[in-house]
Amino acid sequence: MRVLVTGGAGFIGSHVVAALAAEGHEPVVLDALLPAAHPTAPELPIAEFVRGDVRAPEDVRSALRGVQAVCHQAAMVGLGKDFADAPAYVACNDLGTAVLLAGMAEAGVRRLVQAGSMVVYGEGRYECRAHGVIRPGPRAVADLEAGRFEPCCPRCGAQLVPGLVAEDAPVDPRNVYATTKLAQEHLAASWARATGGRAISLRYHNVYGPGMPRDTPYAGVASFFRSALALGEAPRVFEDGGQRRDFVHVRDVARANVAALAGLEGGSADGHAAYNVGSGEPHTVGDMAAVLAAAHGGPQPVVTGEFRLGDVRHITADSSRLRRELGWRPQVDFAEGMSEFARAAQRASAGLG
């Protein structure tokens with residue numbers, strides 16, 4: 001199958017291109033190679049390449065020629081610097097998706113796999129021993145400043161027990177990036193209803209692995225820690241390091257895209273569906289930093305007590321639906337993946353010039 005991969009020169013996109021080619025598909029890359037993401041010329045995937053912007057209808061129209069499906073990876077990621085980044089996030093993520101979907105409607109392309117994110121949930125799943133499942137609101141600044149990082153039950157004040165969040169959990173985006181990722185899902189669902197197309201949004205959890213960008217305000221926490229170690233510095237762990245996350249290897253994420261594409265081709269998806277993509281093995285940020293530092297042979301992490309507004313305390317995935325319905329299984333375990341990542345090369349970033 002001829003598959004367009006938007007953002008196919010990027011971190012996750014390039015791995016998706018490789019996974020598609022390994023399964024016998026014919027990937028086509030559409031990437032604008034914007035300086036913010038590619039300050040130096042990246043090594044391009046071995047695939048047909050169209051240099052163009054997903055926000056430009058003529059570029060999308062050109063890239064869609066002869067295509068049967070799209071894996072949409074192009075996006076601006078991370079929390080960014082401050083709210084001044086909001087227009088750029090909306091333009092890249094939501095306008096870009098709308099232009100792409102309009103082009104697909106015009107070209108008659110009816111299959112879409114879209115890079116979503118676990119950030120649409122806000123906080124993860126919690127239980128109070130007295131009051132059952134609880135969805136805590138945003139943490140108060142006063143609590144964070146005082147080092148009280150764990151959400152408490154709003155009814156009795158007891159500490160909550162974190163669990164796994166499933167796809168049917170209510171959504172609660174708490175920053176601009178999260179809001180744009182949820183809007184992308186709504187756009188895909190609207191496109192599917194209007195055209196009879198089928199779309200799958202893959203809600204990635206904390207993706208890491210070879211080729212991750214070096215330190216930048218738009219990278220993930222694994223990139224921050226790896227960048228510090230490369231400079232001989234100790235990773236700086238915010239809060240108390242007890243934040244739970246699901247770190248999933250980029251090759252497993254790429255294979256999830258291939259599995260989703262097969263699901264669309266086989267007719268198992270109807271309209272729009274969302275799937276969590278996680279390893280199924282929660283780890284704390286502090287544990288991840290320690291394992292990565294040990295594998296790298298660098299300084300041990302420093303827990304700073306600092307915090308970022310918009311961060312959530314715990315968010316870990318229940319990815320059983322993806323396993324059950326599309327037959328996907330993660331293949332890279334945490335220790336193996338972090339050991340590889342500790343030695344792997346990173347991409348240049350605009351943050352480092």
Side-chain angles (χ1 to χ4, degrees), residues 11 77-82 85 118-119 123-124 138-152 159-160 162 174-175 177 204-250 278-279 281-316 332-353:
F11 166 47
V77 301
L79 278 180
K81 298 175 183 177
D82 52 41
D85 285 327
M118 54 83 181
V119 295
E123 287 285 354
R139 295 177 292 173
V141 173
D143 287 337
L144 296 172
E145 290 176 341
R148 296 188 293 268
F149 301 120
E150 291 290 342
C152 294
Q159 185 168 313
L160 300 172
R174 295 190 177 179
N175 55 58
Y177 171 62
Y204 301 160
H205 281 247
N206 290 69
V207 185
Y208 74 97
M212 202 171 189
R214 295 202 298 268
D215 191 18
T216 159
Y218 308 100
V221 65
S223 174
F224 293 159
F225 294 165
R226 176 67 177 80
S227 300
L229 290 165
L231 296 171
E233 300 172 357
R236 294 175 60 81
V237 180
F238 280 13
E239 301 187 17
D240 60 1
Q243 310 94 303
R244 285 163 49 101
R245 297 291 187 269
D246 188 322
F247 298 97
V248 59
H249 196 278
V250 66
S279 71
E281 298 180 1
H283 294 272
T284 68
V285 171
D287 286 345
M288 185 273 284
V291 169
L292 186 62
H296 189 274
Q300 286 300 297
V302 174
V303 178
T304 69
E306 298 171 275
F307 61 89
R308 295 191 305 178
L309 290 177
D311 274 349
V312 298
R313 180 61 176 175
H314 303 298
I315 176 67
T316 51
V332 183
D333 69 26
F334 180 74
E336 173 193 350
M338 286 296 166
S339 179
E340 177 196 28
F341 182 49
R343 302 184 299 272
Q346 291 179 275
R347 291 170 175 260
S349 79
L352 291 181

- Residue from Val221, Val248, Thr316 passing side chain to side chain contact (heavy atoms under 4.5 Å, CB included) with Asn206: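 Only one option passes, and that is Val221.
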- Shortest non-hydrogen contact from Gly209 toward His249: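 Closest pair (atom of Gly209, atom of His249, distance): CA-NE2, 4.2 Å.
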- Nearest non-hydrogen partners of Val141 and Leu309, listed with the distance: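 Heavy-atom minimum between the residues: CG2-CD2, 3.6 Å.
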Distance-only donor-acceptor pairs under 3.5 Å for side chains of residues 234-244, two or more places apart:
| from | atom 1 | to | atom 2 | distance (Å) |
| --- | --- | --- | --- | --- |
| Arg236 | NH2 | Glu306 | OE1 | 2.6 |
| Glu239 | OE1 | Arg139 | NH1 | 3.0 |
| Glu239 | OE1 | Arg313 | NH1 | 2.8 |
| Glu239 | OE2 | Arg139 | NH1 | 3.3 |
| Glu239 | OE2 | Arg139 | NH2 | 2.9 |
| Asp240 | OD1 | Gly242 | N | 2.9 |
| Asp240 | OD1 | Arg313 | NH1 | 3.0 |
| Asp240 | OD1 | Arg313 | NH2 | 2.8 |
| Asp240 | OD2 | Arg313 | NH2 | 3.2 |
| Gln243 | OE1 | Gly241 | N | 3.2 |
| Gln243 | NE2 | Phe238 | O | 3.1 |

- Task: Nearest 0.5 Å please: distance from the CZ atom of Phe334 over to the OH atom of Tyr208.
- Result: 6.5 Å
- Spacing of Gln346 atom CD and Ser227 atom OG [to the nearest 0.5 Å]: 4.0 Å
Is the shortest heavy-atom distance from the side chain of [X] to the side chain of [Y] under 4.5 Å?
X      : Y      : value
Val312 : Arg245 : yes
Met212 : Val207 : no
Phe11  : Val77  : no

- Ala140 backbone acceptor or donor facing Arg148 side chain under 3.5 Å: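 Flag not set: sc Arg148 to bb Ala140 has no pair under 3.5 Å.
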Quiz: residues 281-303 side-chain donor-acceptor pairs under 3.5 angstrom, not counting sequence neighbours:
| from | atom 1 | to | atom 2 | distance (Å) |
| --- | --- | --- | --- | --- |
| Thr284 | OG1 | Asp287 | N | 3.0 |
| Thr284 | OG1 | Asp287 | OD2 | 3.2 |

- Item | side chain to side chain donor-acceptor pair (under 3.5 Å) partners for His314, two or more places apart |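 Glu150.
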